[in-house]
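Written out below as structure tokens is the structure these notes cover.
Just so you know, these numbers use all the heavy atoms, side chains as well, and skip hydrogens, waters and symmetry mates.
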Amino acid sequence: MLEIFAEIDKAQLSFSTEGKTFLNATIAFIMFGVALELNTDEFSRLIKKPKPILVGILSQFVLMPLFTFLLVWLCSSWLSPTIGLGMILVSACPGGNVSNFISTLARGNIALSVSLTSFSSLGGIILTPLNFAFWGNLFIASADQDAMALVRDLNIDVFEVLQTILIILALPLAIGIGFKKRFKKLTSKILSPIKKLSIFIFIGLIVIIFANNFELFLRYIPYIFGIVLVHNALAFMLGYYSAAMFGLSKVNRKTIAIETGIQNSGLALALLFNPAIFPEELAIGGMTFIAAWWGVWHIISGLSLAGWWTKFKMT
């Protein structure tokens, strides 16, 4: 298995400079849409009863990276280093905007879902680079040095990651907030179309990446599939049972599970395709494959989970 993973690490996805620019623009557009949905009234209600949102933040930014690190550390004897780093990177990312749509289908707490997506997007500006740098460098330090030969030059720079996130997360969020404040009526008209459009654009981007690298994905996805499935299932369970431990309602448990299991893998790809963070000469194919397949799988698993909960009327 390690031989296959080493082969995956050396595989480089074909993605043009224009494609990378489009990826960054897509993430920025998604964050702009998230900003348009920010509702101060919902925030004020949650601040008065902050337990659900605090549990959600705990699950997403503390438990998810921690348990991911433990998982890759325990499995480091058969996972390649960059596969493990890819899992850590995804776990450090904020929630994806598709989580709001899936929460609606699952009959979750929509106000909580939107608020957690907003908080995680804002908090992710700082917490994503800190989590990835801390847990990623800890994993590199704890891994077998011979196994780390492929990424021996990789030193995760929190400031490089932060700089990228400020451009594609913080800036569009700030523009979106200002736009909503200045054009309230227009915002109410375009909010729903923008949310739907951002989801379709992101799905289209993933499809393009797969189409341009079809042979590579066809060859390697069977080896990546189980890893992402287990990791994603762990995320959903972490969210659900951490909320249960704090005595939250089933509606809030479902919502926090979805917010923890739906990660902004597009941001992970944007970071991976940034040569200032990950120089092109590094063999990090494993990280890229994990992030790309997560972008597909979390939509499939999220929709399936929402369908299951709806079928059995789990409220």
Exercise for review: Examine the side chains of S91 and Q263 and answer whether a donor and an acceptor come within less than 3.5 Å of each other.
Suggested key: no
Review point. In chain order, what residues pass the side chain to side chain contact (heavy atoms under 4.5 Å, CB included) check against L66, with sequence neighbours excluded?
Key: L70, W135
Practice item. Under the side chain to side chain contact (heavy atoms under 4.5 Å, CB included) rule, what do L138 and W73 come out as? Steps first, then yes or no, please. Key: CA-CA 10 Å; L138 186 62; W73 179 69; over 6 Å; no
**Study point:** Closest non-hydrogen atom pair, F139 against I88
**Key:** CB-CD1, 3.7 Å
Review point. How long is the span from the CG atom in L229 to the CG atom in L234, to the nearest 0.5 Å?
Key: 11.5 Å
Study note, to complete from the structure: dist F69:CZ -> M87:CE (nearest 0.5 Å) comes out at 12.5 Å
Practice item. Hey, could you give me the OG/CG distance between S113 and N252, rounded to the nearest 0.5 Å? Key: 11.0 Å
**Study point:** Residue pair F179 / L186, side-chain heavy-atom distance below 4.5 Å
**Key:** yes
Practice item. Establish whether W78 and I221 are linked, either directly or via other cluster members, by ILVMFWY side-chain heavy-atom contacts under 4.5 Å. Key: yes
Practice item. Measure the NZ-CG distance between K180 and L191 for me, rounded to the nearest 0.5 Å. Key: 7.5 Å
Review point. Can you name the closest pair of heavy atoms from S99 and I258 and give their distance?
Key: O-CG2, 3.7 Å
Check your understanding: Closest approach of N232 and G261, non-hydrogen atoms and distance?
Key -> ND2-O, 2.9 Å
Exercise for review: Could you tell me whether the side chain of S103 and the main chain of G108 form a donor-acceptor pair under 3.5 Å?
Suggested key: no
Point to revise | Worked check of side chain to side chain contact (heavy atoms under 4.5 Å, CB included) between I224 and I83 | key: CA-CA 9 Å; I224 299 294; I83 294 289; 3.6 Å; yes
Check your understanding: Can any side-chain N or O of E259 pair as donor or acceptor with the backbone N or O of Q60 at less than 3.5 Å?
Key -> no
Practice item. Could you check if a side-chain atom of I290 sits within less than 4.5 angstrom of a side-chain atom of L85, using non-hydrogen atoms only? Key: no
**Study point:** From CG (L303) to CD1 (I102), nearest 0.5 Å
**Key:** 4.5 Å
Review point. For the residue pair V90 and A268, what are the closest heavy atoms and their distance?
Key: CG2-CB, 4.4 Å
Exercise for review: State, yes or no, whether a side-chain contact exists between L79 and I227 at a heavy-atom distance under 4.5 Å.
Suggested key: yes
Practice item. Not counting sequence neighbours, which residues clear side-chain hydrogen bond (donor to acceptor under 3.5 Å, both in side chains) with T68? List them please. Key: H231
Exercise for review: Kindly indicate whether the side chain of I256, heavy atoms from C-beta on, has any atom under 4.5 Å from the side chain of L112.
Suggested key: yes
Check your understanding: What's the spacing between Y240 OH and K250 NZ if we round to 0.5 Å?
Key -> 5.5 Å
**Study point:** Heavy-atom check, side chain of I262 versus side chain of F236, under 4.5 Å
**Key:** yes
Revision key, fill the gap. Contacts of S192 meeting side chain to side chain contact (heavy atoms under 4.5 Å, CB included) (sequence neighbours excluded), chain-then-number -> K196
Point to revise | Single-linkage hydrophobic cluster L74~V228, side-chain heavy atoms < 4.5 angstrom | key: yes
Check your understanding: Side chain of T288, backbone of L272: donor and acceptor closer than 3.5 Å?
Key -> no
Check your understanding: Taking the side chain from K254 and the backbone from W309, do they hold a donor-acceptor pair closer than 3.5 Å?
Key -> no
**Study point:** Partners passing side chain to side chain contact (heavy atoms under 4.5 Å, CB included) against S265 (at least two apart in sequence or in another chain)
**Key:** F202, W294, H298
**Study point:** Contacts of type side chain to side chain contact (heavy atoms under 4.5 Å, CB included), residue L63, not counting sequence neighbours
**Key:** L58, F67, L238, S242
Check your understanding: What heavy-atom pair brings R107 and V251 nearest, and what distance separates the two atoms?
Key -> O-CG1, 4.0 Å
Review point. So which heavy atom on T260 is nearest to which on G239, and how close?
Key: OG1-CA, 3.6 Å
Point to revise | ring-ring contact (aromatic ring centres under 6.0 Å, His included) partners of F246, counting only residues at least two apart | key: none
Exercise for review: Evaluate the ring planes of F225 and W293, with Trp represented by its six-membered ring, and classify them as parallel (under 30°), tilted (30 to 60°) or perpendicular (over 60°).
Suggested key: tilted
